[in-house]
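Atom set for the values below is all heavy atoms of this structure, side chains included, hydrogens, waters and symmetry mates excluded.
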2 protein chains.
Amino acid sequence: MPRIVAERADVLPALGECFREHGFEGASLALIGAATGLGKGSLYHFFPGGKAEMATAVLAEIDGWFEREVFAPLRESESPAAGIARMFEATEAYFRSGRRVCLVGCFALGEVRDRFAEAVRSYFQRWVDALDLALGRAGASPDEARRHAVDVVGGIQGAIVLARALDDPEIFSGILARIRQGLMEMKTAS
Amino acid sequence: MPRIVAERADVLPALGECFREHGFEGASLALIGAATGLGKGSLYHFFPGGKAEMATAVLAEIDGWFEREVFAPLRESESPAAGIARMFEATEAYFRSGRRVCLVGCFALGEVRDRFAEAVRSYFQRWVDALDLALGRAGASPDEARRHAVDVVGGIQGAIVLARALDDPEIFSGILARIRQGLMEMKTAS
DNA sequence: ATAACTATGTACCATTTGGTACACAGCCTT
DNA sequence: AAGGCTGTGTACCAAATGGTACATAGTTAT
């Protein structure tokens, strides 16, 4: 019996892709097993709570990544413009021009929103808040900053939906570029 | 044995809500039966193709509604501004301020995009094209019209995602109002 | 060496899944 | 009133579902 020595954290990426591709309900244990290379034994060893715990862990990992790569820079960059630029670059890379779906957004739309409501809410709330803060520091008025933060985060999610629907990654990149442009114009306008 | 005299078209709304609430995979025949009040016998009588045919029928019904209430007015209204105004009103009403999800958008993001790819693509393509046309007729330059059309349709989808995620209908209404405002400023600017 | 702990595969479980078969009831035509 | 058509409920099916139990293999500590 081979010893593969997996850690819980090692399987999270594969697990995440599996949930992204098939949704929570669609990702059966068979698919999850195939995606991760783990049998049920190992799966239930790492995630005694079953599928629900797997999804929670994946959401937490995603949350951690965005916290580190996007939210924190937005809040803490010396120049808010640099934080914002970083957000766009990280976002474009993470979602692979709309070829990759936002799992948190999926969960928000879908079937299972209520089961993971708090994780979903917190993720988006912190994104909006961090961007709000950065825009404020960049010189926007409080409600200008708030409104734009909401519009931008929403706009990114919409870009993913539309790019997937039309099956055209350029849609995603185009929308993001124009959102970014819009923010720059706002900051120089005031 | 009571005769309820249902028609296929009568169950489509309930069927749609069921798919919206649970997703395609999540909507089991048991849930569908409960939502429609129909037993499997009737269900398979109306939709011999099973769940897939049910989903196809629902997508077609939604498509028809938008074609009638949104796309056609956009294309054919005497005043393009009136068509655009109608789009916003119909959209706001249909999605119930983001409390109701866009099934086509869900399918685009989710698990089952490929199975219904053509229906999904066509729906969004025709929406974008119709808005593009209206904006052009309102005086926008060809690529100004195209870009804004894409941004607006994407923006609406994103507004649904964000409103659901933050569980706050006002997010939806706020984003839509600002998108609408943005279009009006564009038309008066040129 | 031996004991304990961590992984892992296999076999199994009850339940639910989507789907089929079919008998039968009400309606329409003739 | 006889026969066909259209709905409808019930019983049923094989397959797949999420989940459990457990024996065992590898690793680490004693």
Atom-pair distance ([atom1] on [X]; [atom2] on [N]), nearest Å:
X	N	atom1	atom2	value
A:Ile32	D:dT17	CD1	P	10 Å
B:Phe47	C:dT20	CZ	C1'	18 Å
A:Glu25	D:dA16	CD	C1'	15 Å
A:Leu43	D:dT20	CG	P	13 Å
A:Lys40	C:dA14	NZ	C1'	12 Å
A:Lys51	C:dT15	NZ	P	19 Å
B:Phe46	D:dG9	CZ	P	10 Å
A:Leu29	D:dT20	CG	C1'	12 Å

Is it true that [X] and [Y] have a side-chain N and a carboxylate O under 4.0 angstrom from each other?
X	Y	value
B:Arg121	A:Asp168	no
B:Arg180	B:Glu89	yes
A:Arg146	A:Asp129	yes

Revision key, fill the gap. Residues B:Val161 and A:Val161: closest non-hydrogen pair is CG2-CG2, 4.5 Å
Check your understanding: Which residue lies toward the 5' end of DNA chain D, A:Ser28 or A:Gly41, if each is placed at its nearest nucleotide?
Key -> A:Ser28
Review point. So what does B:Ala27 touch, heavy atoms closer than 4.0 Å: a base, only the sugar-phosphate, or nothing?
Key: sugar-phosphate
Point to revise | Given D:dT8, C:dT8, C:dG18, the nucleotide with the shortest approach to the side chain of A:Ser42 | key: C:dT8
Check your understanding: For A:His45 and C:dT8, is the shortest distance between a side-chain N/O and OP1 or OP2 below 4.0 Å?
Key -> no
